[in-house]
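Structure record follows, encoded as structure tokens.
In what follows, chains are A, B, ... by sequence order, proteins preceding strands, each numbered from 1. Computed from a predicted structure; not experimentally measured.
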There are 2 protein chains.
Amino acid sequence: MSKKTPGFRAATILDVASVANVSKSTVSLVLRGSDLIPTETSDRVRKAAAKIGYVYNRRAAELRRQSSNAIGVVISDLRNPFFAEVLVGLERRLAEAGYTVFMAHTNEDLERQQRVLTILREQGIAGIAICPALGTPISLPRSVKSWGVPLVVMVRTLGGGASYDFAGADNSLGVRQAMDHLIGKGHRRIAFLGGITGPVLQQRLDGYKETFTAHRIRFHPDLIVTSQPTREGGHAAMVRLLKARKSVKAAVCYNDLTAFGALSALGDAGLRAGVDFDLIGFDNILDTIHSNPPLSTVDIKPEQMGAEAAVLLLARIKEPGLKVQRFIQEPTLVLRQSG
Amino acid sequence: MSKKTPGFRAATILDVASVANVSKSTVSLVLRGSDLIPTETSDRVRKAAAKIGYVYNRRAAELRRQSSNAIGVVISDLRNPFFAEVLVGLERRLAEAGYTVFMAHTNEDLERQQRVLTILREQGIAGIAICPALGTPISLPRSVKSWGVPLVVMVRTLGGGASYDFAGADNSLGVRQAMDHLIGKGHRRIAFLGGITGPVLQQRLDGYKETFTAHRIRFHPDLIVTSQPTREGGHAAMVRLLKARKSVKAAVCYNDLTAFGALSALGDAGLRAGVDFDLIGFDNILDTIHSNPPLSTVDIKPEQMGAEAAVLLLARIKEPGLKVQRFIQEPTLVLRQSG
DNA sequence: CTGAAAGCGCTTACAG
DNA sequence: CTGAAAGCGCTTACAG
């Protein structure tokens, strides 16, 4: 909390009014762009405002109007470029619509998420967009709804029963596309690298297992090597895989970050991705284009996903009675050099 | 702008007061944690608040108190993990101090930056932390100061005359450390890859050139290959370098992103960084640990830099009369496998 | 077309 | 220790 420099009194519409020789209602009307005011008058008002350096006090206006032009955005892991890209798309669309974003980073910490949500609520924001932290209770959407604040959930679903607006991707299909490609190249033993828990992992693993069934290939559970969904994790997972099952020459990764780690482990072992080992990532973050080698991956257009989440939220704000909305990004496989 | 669900009237301190059988002043005092109120009474008030689902209206309170607990954070390029990491450090420290962040992304667009600054001003934030977009006029700090809002500039300086709080790194020294290392390994012809413009490039190039002088090595201007400070740019720069000057076997890059692009171009050419070519990045973003190969780079602790910027801003808010503050991160060379 | 008045939900001296 | 009152800077019917 901070007060303004003492002694300094900011100009208000009353000051503008007195300079322009009108009432403060008139000033307010002009500022809000009402067409009740003749051009001559409104010009005079605007000039007066500029002259005395008047600054619109949005908080006061919003308090009076019981409205808000701020939207709370809660991100679980900003160090993952995927989420940063989602945020970029979201922020841009929101800014275009005249909204400002209150950004909070939970770092996958449920307690922090709770705290942050409470603060956002007290700020009186117009809506919330959230990438829920892992382990977020299914009750979250109901709870936020009960506050009367519009909500969109991004990336991670929250389990069966709850109904809420959601923007995400078809994770199972994405993995199936990657798997089909690898099978098409002749691979039969294909590993799945990375991920510990969460709905997204669940969906991606589903796609992984479904592919074996669809192609009548026997599935070996130990082809799944779990790890933190990070570069470190991907590196460790690939090291373990190479040690345990030398015959495996292909893998799809939980996400691009794990794939980068795996790429690095491959390099350590003197193996070249795309020639000695086929590796496919997931997300298509910007980094994949010029990794070494450029990463083949499943494109779910992170930035666009963020923008779509904004669209859903904006629609919900405008029309609270709307039926539940879902945006599910169609994945596409983008082939580069790694597999 | 959105209104709350119609018909729904949120509880106010007046409601709490009537339930708790006290005056609204008492409620306010309790909520603000005043010790004027006996425990028995404040317990009663808190219970009443919880019972009717009262939510503190921060905007109203702040309007009355002429204060704010929001800080505007303006980021120029959130797609660059370096800035995302700075943001994470900044946000965490600010949140710890009880502040919320209004986040705006300018995408290096000066017009957008101007717009965003105006909006932040109208929101009545307590302070601004900005990574200025390239080409930001030197007058920006003066202008923000004239609004009466505390400011900290991050990462990029704004030129000579202006005085403002700043958190950044010793860029020249960082490059010199990298260069000394390469020279120690026996290299004489060392390229500088990436960057187009801006103060950071200037400083890093200064360090680059100084090293040649210090070691009495002849400096070839065409060893500097400029490019966008991105992976694409780094890739293109390395391709050009490889084509033009086959004798060069070492380079320091403008930043880690360019280094990744260069790594990728090296891979394309069948060259291994760290054995056929020594490559050093700058920033030490998280991605460097497990790139292929792991990138040697100059560590300027992005997350900590963000946290330090928060510290400076918080100090400025508390004590507007403070003399100009600077935090300049000491770089350290971290050697991994690329060079 | 413009002005006087009430009110958004708080905080803060000031009495009592 | 608690209550009545004024006021933060706006907006919005309502008169005129």
Under 4.0 Å: is that the gap between some side-chain N or O of [X] and OP1 or OP2 of [N]?
X     : N      : answer
A/S23 : C/dG3  : yes
B/R59 : C/dC10 : no
B/R32 : C/dT11 : yes
B/S28 : C/dT11 : yes

Taking the nucleotide of DNA chain D with the closest heavy atom to each, which residue, B/R44 or A/A60, is nearer the 5' end? B/R44

Taking NZ, NE, NH1 and NH2 as the nitrogens, is one of them in A/E122 or B/R59 under 4.0 Å from a carboxylate oxygen of the other? no

Answer yes when B/E85 and A/R79 have at least one side-chain N-carboxylate O distance shorter than 4.0 Å, and no when they do not. no

So if I take every side-chain heavy atom of [X] and compare against [options], which nucleotide ends up nearest?
X     : options               : answer
B/I13 : D/dT2, C/dC10, D/dC10 : C/dC10
B/A61 : C/dT2, D/dT11, C/dT11 : C/dT11
B/T12 : D/dC10, C/dT2, C/dG9  : C/dG9
B/Q66 : C/dC10, D/dT11, D/dC8 : D/dC8
A/R64 : D/dG3, D/dT2, D/dC10  : D/dC10

Under 3.5 Å for both donor-acceptor distances, Watson-Crick or wobble: does D/dT2 have a partner, and if so which one? C/dA15

Please tell me whether B/N21 and B/R44 have a donor and an acceptor in their side chains that are separated by less than 3.5 angstrom. no

What I want to check is whether the side chains of B/S76 and B/R156 have a donor and an acceptor closer together than 3.5 Å. yes

To the nearest angstrom, how far is [X] atom [atom1] from [N] atom [atom2]?
X     : N      : atom1 : atom2 : answer
B/L36 : C/dC14 : CG    : P     : 15 Å
B/N21 : D/dT2  : CG    : P     : 12 Å
B/Y54 : C/dG9  : OH    : C1'   : 7 Å
A/L29 : C/dT2  : CG    : P     : 9 Å
A/E62 : D/dT12 : CD    : C1'   : 16 Å
B/R65 : D/dC8  : CZ    : P     : 16 Å
A/E40 : C/dT2  : CD    : P     : 9 Å
A/K24 : D/dG9  : NZ    : C1'   : 8 Å

With a 4.0 Å cut-off on heavy atoms, is [X] in touch with a base, just the backbone sugar-phosphate, or nothing at all?
X     : answer
B/S25 : base
B/T26 : sugar-phosphate
B/V55 : sugar-phosphate

Lys/Arg cation over aromatic A/Y164: A/R326, 6.0 Å, 45° cone: yes

What's the shortest heavy-atom distance between B/A310 and B/L94, and which atoms? CB-CD1, 3.6 Å

